[in-house]
Amino acid sequence: MGISYEDFLDREYEPLASDLRCRFSIEPAADMSWADAAGRVASESSNGTWAELDVEGSVTDLSATAYEIDESAGIVEVAYPEALFEPGSMPQILSCIAGNIMGMKAVDRIRLLDCEWPAAVVDAFPGPQYGSAVKSEILDAGDRPALATVPKPKVGLSSEQHAEVGYEAWVGGVDLLKDDENLTDQSFNPFEDRLTESLAQRDRAESETGERKSYLLNVTAPGGEMLERVDLAAEHGCEFVMVDVVTTGWAAVQQVRQRCERHGLAIHAHRAMHAAFDRVPSHGVSMRVIAQIARLCGVDHIHTGTADLGKLENEDTVGINEWLRSDRHGLSDVLPVASGGLHPGLVPELLDRLGEEIMIQAGGGIHGHPDGTRAGARALRGAVEATQDGRPLEAASAEYPELATAVDKWGTATPR
Ligand SMILES: O=C(O)[C@H](O)COP(=O)(O)O
Ligand SMILES: [Mg+2]
């Protein structure tokens, strides 16, 4: 029996509940009809190719089906049989739905916009250990946003300086100290020195404030080394680790998730490099899908943007956050992290747009405070308290003069 890419198109097909359904935007190549382009997408991402093939047996049971084409919207929907996928392997799934098709000439542009994950696929993944429960199970954030800061300059401080900044921020009112995405194990700030110094300052800040404080230690590293760093974090008493999930890759994230299960460690996902393929609206993989992948692989929090209030371009932060909280075959939820260019003056608008079930991360918006890190942390904490009490920021300036100073300096402006 011969199959060609036309066999991967069936507008009458009704997807099965067990199918993985993917929504793509495409721009067919000039010499390709929409039908042919849709067939090629389904073919190349499952088990076909450009040439006609002579096949025997049930190999077509693994073929994807392009079942909907909306030319005016530029949308193609493709259904994938669950048997195509290796259970629990995110790399293999992405090699199907976001692999060769991203570069094939049959389309000028293609973007994976959204996935509808069936239980058959989801059940093979662990999902998050804690999710938003970190706020009450590990921290004392309760019903307010969890607050985090990352020392700035992002790299260059010594381990001692890094830990001292952490102490100032913790006693100023943040819950979490975070390593920056490119701080790992460099000569000026060795991993284990930073770990021990920061935890010592954490213990000091906890005893002074009476609040639980924690540290998002960046364990990003080549394979086995990263797992050793997870073990070290656990040995020293960390409650979290941080991973740059895009630069390490999803197989590595899955390994870290397995290791963190053993230690009861929560995972903070930084998404550095995501914009390499989700910023251009007509091509790549959407941040929505990246967030879905991260939830299945089992991160507890992930950066999803600031609803355009910060320094970084964002796509649909509100919609992505809603998905991360939605019920997906029993998966734990994920706590969205708003970060990038935030400062106390932006808190009212940020909470109005994203709600309070988030983590707010501010680096420059704390350490750039005219009166230093501790004042910056107090200003952020005061801005959250005032906003949750329904008071304007000015009304909190008596209790939090540091907040008034921050608002004088930055107002409610969105930085570039
Ligand atoms: O890693 C991050 O989230 C950013 O470095 C935040 O830094 P900023 O608050 O100074 O933009
Ligand atoms: Mg950063």
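As the structure lists them, so they are numbered: ligands from 1, and atoms in each ligand from 1.
Contacts of D180 with ligand 1, taken as heavy-atom pairs under 4.0 Å, involve the side chain alone. The proximity of S339 to ligand 1, defined as any non-hydrogen pair under 4.0 Å, is limited to the side chain.
Applying the 4.0 Å criterion to heavy atoms of G340 picks out, from ligand 1, the atoms 11 (O). Near H303, the atoms of ligand 1 lying under 4.0 angstrom from a non-hydrogen atom of the residue are 3 (O). If you number the atoms of ligand 1 from 1 as listed, the ones under 4.0 Å from a heavy atom of E181 come out as 1 (O), 5 (O). Atoms of ligand 1 lying under 4.0 Å from at least one heavy atom of G364, given by number and element, are 8 (P), 9 (O), 10 (O). Heavy-atom contacts of A362 reach the following atoms of ligand 1: 9 (O) (cutoff under 4.0 Å). In summary, the atoms of ligand 1 found under 4.0 Å from a heavy atom of K311, numbered by their order in the structure, are 7 (O), 8 (P), 11 (O).
Using cut-offs of 30° and 60° for the angle between ring planes, the H301 and H268 rings count as perpendicular.
One distance of note links CD1 of I97 with CE of M102; it measures 8.5 Å at 0.5 Å rounding. Of the inter-residue distances, the one linking L9 atom CG with S33 atom OG reads 8.5 Å to the nearest 0.5 angstrom. With rounding to the nearest 0.5 Å, the separation of CG in N218 from CG in D179 is 5.5 Å. Taking CG of L84 as the start and CD of E86 as the end, the distance is 11.5 Å to the nearest 0.5 Å. With values rounded to the nearest 0.5 angstrom, T317 atom OG1 is found 12.0 Å from R288 atom CZ.
The name of the N, O or S atom in E181 nearest to the Mg ion (ligand 2) is OE1. Taking the Mg ion (ligand 2) as reference, the nearest N/O/S atom within D180 carries the name OD1.
If you check the side chains of Y13 and D19, you find a donor sitting under 3.5 Å from an acceptor.
Closest heavy-atom approach to atom 6 (C) of ligand 1 within the set H367, M242, Q361: this belongs to Q361.
Within a 6.0 Å radius of CZ in R279, no more than 12 heavy atoms belonging to other residues, nucleotides or ligands are found.
In terms of N/O distances under 3.5 Å, ligand 1 is approached by H270. Not a single N or O atom of V150, backbone or side chain, sits closer than 3.5 Å to an N or O atom of ligand 1. The shortest N or O to N or O distance between G363 and ligand 1 is below 3.5 Å.
Put simply, part of G341 is less than 4.0 Å from ligand 1, judged by heavy atoms.
With a 4.5 Å cut-off on side-chain heavy atoms, V171 and R204 do not count as touching.
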Requested in this report: Check the pair D180, V155 against side-chain contact (heavy atoms from CB on, under 4.5 Å), reporting the backbone distance first and the verdict last.
Outcome: CA-CA 7 Å; D180 229 326; V155 291; 5.6 Å; no

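In terms of protein heavy atoms, atom 5 (O) of ligand 1 is closest to K152 NZ, 2.8 Å.
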